[in-house]
Amino acid sequence: SSRAIGLYARHTAGFEARVAATLALLGQAAAEHADRVVLANSLGAEDMVLTDLIARHLLPIRIATLQTGALHAETLALVPQIERRYGIQVHLYAPPAEAVVHFVRQHGDKAMYQSIELRKACCQVRKLEPLGRMLQGNTAWVTGLRREQSQNRGAMPAVETEPNGRVKFNPLVDWTWADVWHYIAQHEVPYNALHDQFMPSIGCAPCTRAIAVGEEFRAGRWWWEDEKAKECGLHVREAATNAA
């Protein structure tokens with residue numbers, strides 16, 4: 001039985017309208033950026049909802065994920081599950097092995113706990129560099145970001161144009177955590193087993209822990225750091241950067 005579904009899934013007013021709006025945005029992304037749009041799937045609950053919508057409606061949006069080399073086994077187990085269930089390929093982008101080896105040799109495998117600078121340097125090697133390759137040649141990308149996830153994300157638009165001109169679609173901005181799980185329950189969407197262990201926000205294994213009742217949604221990410229620093233750099237917006 002699913003502990004996460006039992007805990008979180010609730011039907012709330014406006015759910016169907018939110019699903020319809022999300023589908024419309026995904027359709028727009030596919031229509032305006034034919035073959036040049038990718039879903040950056042972190043293999044968390046939100047991105048699994050988007051994967052299901054894309055597959056269910058046969059939208060020509062590629063699915064890709066960052067294989068950082070430090071993911072939980074439960075996270076990686078989703079890749080073959082997605083491919084079997086939906087019959088679509090998940091494109092994996094990993095950091096160059098030598099870059100990881102060099103970083104660990106220089107700073108040790110506990111570098112992320114030593115300073116924010118080193119943690120961000122680790123994210124740079126394992127996530128940002130492969131993300132750059134994932135996005136190369138694409139004019140748009142899709143994320144599972146939601147406003148509810150953190151204060152940093154509270155004012156996020158559903159569609160934004162980045163400084164380099166690439167368009168970023170955030171089709172789940174208005175969804176609640178209850179919405180995400182209601183959709184998963186409704187469509188029997190495969191999801192990360194770690195969600196059953198009180199991990200709502202899942203990143204690399206050394207940088208993710210379970211959260212306690214009443215803690216912030218992203219409290220389990222980089223929990224040893226100051227709240228304001230809690231982004232890996234994938235989704236830092238200009239305003240937020242200047243404010244910090």
Side-chain angles (χ1 to χ4, degrees), residues 4-5 8-9 15 18-30 33 37-57 59 61-68 71-72 74-76 78-79 81-82 85-86 88 90-93 127 130-131 134-135 138 140-150 152-160 162 166-187 189-192 194-195 199-204 208 216-218 220-221 230-237:
I5 286 176
Y8 309 126
F15 172 77
R18 288 189 288 282
V19 174
T22 294
L23 196 50
L25 262 184
L26 287 171
Q28 181 190 333
H33 303 273
V37 54
V38 60
L39 167 67
N41 187 341
S42 69
L43 304 171
E46 289 91 347
D47 292 322
M48 293 309 299
V49 166
L50 290 171
T51 297
D52 185 86
L53 282 164
I54 287 166
R56 184 174 295 278
H57 299 276
L59 295 170
I61 296 175
R62 282 171 75 244
I63 314 279
T65 199
L66 301 176
Q67 202 324 21
T68 67
L71 298 177
H72 301 83
E74 292 90 338
T75 302
L76 285 174
L78 265 176
V79 172
Q81 266 185 279
I82 292 169
R85 165 78 183 265
Y86 299 112
I88 51 181
V90 179
H91 301 269
L92 296 178
Y93 290 84
K127 292 169 87 173
L131 179 78
M134 179 195 289
L135 297 182
N138 287 297
W141 59 312
V142 177
T143 83
L145 298 178
R146 295 181 301 109
R147 294 193 185 111
E148 190 189 71
Q149 285 165 342
S150 69
N152 287 349
R153 297 175 177 182
M156 189 173 46
V159 183
E160 48 191 320
E162 300 185 314
R166 189 179 287 117
V167 182
K168 183 177 183 180
F169 288 86
N170 308 311
L172 298 181
V173 278
D174 293 330
W175 285 44
T176 62
W177 191 227
D179 287 338
V180 170
W181 286 95
H182 182 64
Y183 185 94
I184 286 173
Q186 213 179 31
H187 297 286
V189 178
Y191 68 84
N192 196 320
L194 295 172
H195 289 309
M199 290 189 187
S201 180
I202 299 166
C204 291
T208 306
E216 280 273 308
F217 189 82
R218 285 169 67 80
R221 302 288 292 280
K230 286 194 180 182
E231 294 283 352
C232 57
L234 294 190
H235 303 296
V236 178
R237 298 180 57 224

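Computed from heavy atoms alone, side chains included, the values below leave out hydrogens, waters and symmetry copies. Along the sequence shown, residues are numbered consecutively beginning with 1. Quick caveat: nothing in here was measured; it's all calculated off a predicted structure.
- Classified by interplanar angle (parallel below 30°, tilted 30° to 60°, perpendicular above 60°), the ring pair Y183/H187 is tilted.
- Minimum interatomic distance between S42 and T75 (heavy atoms only, all atoms of both residues): O-CG2, 4.3 Å.
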Audit row: L135, R166, side-chain contact (heavy atoms from CB on, under 4.5 Å) steps and yes/no: CA-CA 9 Å; L135 297 182; R166 189 179 287 117; 3.6 Å; yes
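- Taking both residues in full, the closest heavy atoms of M199 and T208 are given as SD-CG2, 3.8 Å, listed atom of the first, atom of the second, then distance.
- With rounding to the nearest 0.5 Å, the separation of CG in L76 from CG in N192 is 9.5 Å.
- Heavy atoms only, all atoms of each residue included: R18 and D174 are closest at CD-O, 3.6 Å.
- In this structure, the side chains of V173 and L145 stay at 4.5 Å or more apart for every pair of heavy atoms.
- Contact check for R146 versus V180: side-chain heavy atoms found under the 4.5 Å cut-off.
- The closest side-chain heavy-atom distance from V19 to W175 is below 4.5 Å.
- Of the inter-residue distances, the one linking L25 atom CG with N170 atom CG reads 9.0 Å to the nearest 0.5 angstrom.
- By the 30° and 60° cut-offs, the orientation of the rings of W181 relative to Y8 is tilted.
- Of the N and O atoms on the side chains of T65 and N41, not one donor lies less than 3.5 Å from an acceptor on the other residue.
- Contact of the K168 side chain with the T143 side chain is registered, since non-hydrogen atoms from C-beta on lie closer than 4.5 Å.
- Residues I184 and A45 come closest through the heavy atom pair CD1-CB, 3.8 Å.
- Among all heavy-atom pairs drawn from R147 and A155, the shortest one is NE-C, 4.3 Å.
- With values rounded to the nearest 0.5 angstrom, I54 atom CD1 is found 4.0 Å from I61 atom CD1.
- Here I88 contributes atom CD1 and I63 contributes atom CD1; the two are 4.5 Å apart, rounded to the nearest 0.5 Å.
- The NE2 atom of H195 sits 11.0 Å away from the CD atom of E74 when rounded to the nearest 0.5 Å.
- Two residues are said to be in side-chain contact when any heavy atoms from C-beta on lie closer than 4.5 Å; L43 and I202 fail this criterion.
- When side chains are defined from C-beta on, R85 counts as touching D52, because their heavy atoms get closer than 4.5 Å.
- Residues Y93 and V38 have side chains not in contact (no heavy-atom distance under 4.5 Å, counting atoms from C-beta outward).
- Taking 4.5 Å as the limit, some side-chain heavy atom of Q28 sits within range of a side-chain heavy atom of F169.
- Between the NE2 atom in H91 and the CG atom in L39 there is a gap of 11.0 Å [rounded to 0.5 Å].
- Closest heavy-atom contact between P171 and T22: O-OG1, 2.7 Å.
- Legend: residues meeting salt bridge (Lys or Arg N to Asp or Glu O under 4.0 Å) with R62, ordered by chain and number and at least two apart, are absent.
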